[in-house]
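Protein chains get the first letters and strands the later ones, always in sequence-line order, with residue 1 at the start of each.
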Amino acid sequence: MTVADVLLLALGAVAVGSGAAVVTSDHLVRSGLYLVVSLGAMAGLYLVLGAELVAWVQVLVYVGAVVVLLLFAVMLTRAPIGPSPDLDRPAWPALIVGGGVGLGLAALLADAFRWTLYDRPEPGTTERMGTQIFGQWVLPFEVLSILLLSALVGAIVLSRPDIGARTGEEA
Amino acid sequence: MPLWLDLLVRVVAVVAAFLVVPLVVGQMEHKVMAHMQSRLGPMYAGGFHGWAQLVADGVKFVQKEDITPRDADRPVFRLAPLVALFPYLVVLLAIPLGPGGLVAQPMDVGLFFVLAVLGVGVVAVLMSAWASANKYSLLGGLRGAAQLLGYELPLVLSAASVAMAAGTLSLPGIVAAWSPWWLLWQAPAALVFFVSGLAEIRRPPFDMPIADSELVFGYMTEYTGLRFAFFLLAEYVGIVVIAALTTVLFLGGWHGPDPAHLGWLWTLAKVFAVSFVVIWLRVSYPRLREDQLQRLCWLVLVPVALAQLVLTAVVKLAL
């Protein structure tokens with residue numbers, strides 16, 4: 001086993017363990033904090049695999065923004081310190097769905113790749129990413145940005161009653 | 001030099017800088033604020049102009065009782081100051097002092113790394129705010145999170161403008177590509193970056209999250225002793241980090257007479273000059289109200305940063 005293997009296993013264990021803690025913890029806000037750990041470990045996995053840019057995007061977007069927004073919303077509504085025994089969590093359906101998806105994906109990957117060894121591609125530098133995105137993948141990239149832009153405009157319209165929701169004039 | 005020795009030297013250098021430079025900035029703040037308000041500031045500790053005051057403060061903080069409130073969420077409460085401090089230590093790794101690889105960790109995506117890691121600081125604010133079990137803390141933390149999330153946008157956009165101008169995300173690469181006329185070309189971005197950087201480290205006039213006249217001390221209200229000192233240290237390291245980033249991105253880092261030998265000196269001089277401005281602003285401006293603060297971010301800084309991006313692109317294509 002190389003150092004990279006050990007790191008991958010350790011980070012994977014951290015990601016899975018804290019991910020399990022997210023859904024089993026009785027402490028509402030701590031669940032969110034476990035999510036930070038889990039996503040951080042994922043970023044670590046990307047780093048070990050040589051995808052530096054993806055790793056830092058993961059930190060910037062998920063740890064720095066998405067989870068923070070989630071925690072922010074939880075703290076605005078109800079965030080008791082200590083366990084909340086009344087959390088509505090159907091354990092069995094969740095276990096079946098989660099376990100099923102996990103096993104299914106694992107079986108699929110094992111079947112697709114068997115035990116073939118692949119060389120790691122070169123580390124993903126910014127320059128390579130840039131040429132790829134704005135060369136080969138420019139159309140999907142632009143379509144995605146239009147989708148995000150329209151979602152942004154939609155969010156603004158929905159959250160501002162003074163500019164949205166004009167009813168009964170034209171239609 | 002063998003690899004491990006090289007690594008050790010770099011890490012020790014960064015930790016030393018992490019422990020020394022913020023103290024110098026802290027002492028500078030004592031003295032600069034004092035003189036701007038026509039008083040002397042600390043004069044006794046250490047003899048010469050009270051140079052040892054911060055060391056004395058440190059000793060005082062260590063001696064104080066470490067109190068965790070009874071209703072607090074203990075592990076989260078105790079972890080928060082470390083989470084606040086850690087990102088700044090990591091960011092220092094990527095900041096280049098001089099040409100020829102005088103940086104702890106040269107990185108292809110240095111700028112992106114710095115911005116991503118700085119963003120983690122919000123988690124510490126929310127952790128300390130919530131775990132304190134104190135309504136003032138929680139209010140301060142919510143204000144802080146709203147402020148940090150908002151100001152991250154102009155910060156990233158103005159940094160993107162420099163990256164576009166330089167054609168690289170590597171911090172040493174950006175300094176190498178810098179030329180004096182960028183001072184004019186990138187001036188709006190520099191201003192936006194500096195102002196939103198101030199807001200990111202919650203320095204006055206952007207200290208609404210810890211507004212002491214209404215929220216006691218915001219998310220730091222319940223902290224005592226060493227843990228409070230960690231928050232204070234994080235604030236000073238924050239000044240250093242924002243000053244260093246402004247220097248590296250907009251003020252040309254090591255550029256100056258004889259950069260090959262004196263480059264580190266120019267970088268440090270610029271960092272201290274920017275830190276001085278940070279302190280100066282604290283003394284000069286009253287605290288922004290919460291609505292003024294958000295208005296400044298969304299209606300002034302974000303549009304200016306976007307306009308600067310367009311300007312950068314136009315000039316870059318025209319040249």
Problem set entry | Worked check of side-chain contact (heavy atoms from CB on, under 4.5 Å) between A/V59 and B/F113 | CA-CA 9 Å; A/V59 172; B/F113 162 79; over 6 Å; no
Enumerate, atom names and distances included, each donor-acceptor pair closer than 3.5 Å involving a side-chain atom of residues 148-165 of chain B, sequence neighbours excluded.
from   : atom 1 : to     : atom 2 : distance (Å)
B/Y151 : OH     : B/L293 : O      : 2.7
B/S158 : OG     : B/P154 : O      : 2.8
B/S158 : OG     : B/L155 : O      : 3.1
B/S161 : OG     : B/Q186 : OE1    : 2.7
B/S161 : OG     : B/T312 : OG1    : 2.9

Exercise. Can you tell which of B/G141, B/G119, B/A116 has the highest number of heavy-atom pairs within less than 4.5 Å of chain A?
Worked result: B/A116
Problem set entry | Which portion of B/L138 sits near chain A, non-hydrogen atoms under 4.5 angstrom | side chain
Exercise. Minimum heavy-atom separation for A/L33 to B/V123, with atom names?
Worked result: CD2-CG1, 4.1 Å
Seminar exercise, completed: Of the listed B/V122, B/L126, B/V120, the one with the largest count of heavy-atom pairs under 4.5 Å with chain A is B/L126
Exercise. So which part of A/V57 gets closer than 4.5 Å to some heavy atom of chain B, the side chain, the backbone, both or neither?
Worked result: both
For this session: Give, as side chain, backbone, both or neither, the part of B/A131 having an atom under 4.5 angstrom from any heavy atom of chain A.
Result: backbone
For this session: Would you indicate whether B/F228, at its atom CZ, is surrounded by more than 12 heavy atoms from other residues, nucleotides or ligands within a distance under 6.0 Å?
Result: yes
Exercise. When you look at A/W56 and B/V117, which way does the side-chain contact (heavy atoms from CB on, under 4.5 Å) test go after all the steps?
Worked result: CA-CA 8 Å; A/W56 300 121; B/V117 174; 4.0 Å; yes
For this session: Give the C-alpha distance, both sets of side-chain angles, the deciding distance and a yes or no for side-chain contact (heavy atoms from CB on, under 4.5 Å) between B/L169 and A/L53.
Result: CA-CA 10 Å; B/L169 283 176; A/L53 193 71; 4.3 Å; yes
Quick one: side chains of residues 136-158 of chain A, donor-acceptor pairs under 3.5 Å with protein atoms, not counting sequence neighbours, listed by atom name and distance.
from   : atom 1 : to     : atom 2 : distance (Å)
A/S145 : OG     : A/F141 : O      : 3.2
A/S145 : OG     : A/E142 : O      : 2.7
A/S150 : OG     : A/I146 : O      : 3.1
A/S150 : OG     : A/L147 : O      : 2.8

Exercise. For chain A, which residues from residues 298-309 of chain B lie under 4.5 Å away (heavy-atom distances)?
Worked result: none
Problem set entry | Neighbour count >12 (heavy atoms, 6.0 Å) for atom CZ, A/F72 | yes
Problem set entry | B/Q292: partners by side chain to side chain donor-acceptor pair (under 3.5 Å), with sequence neighbours left out | none
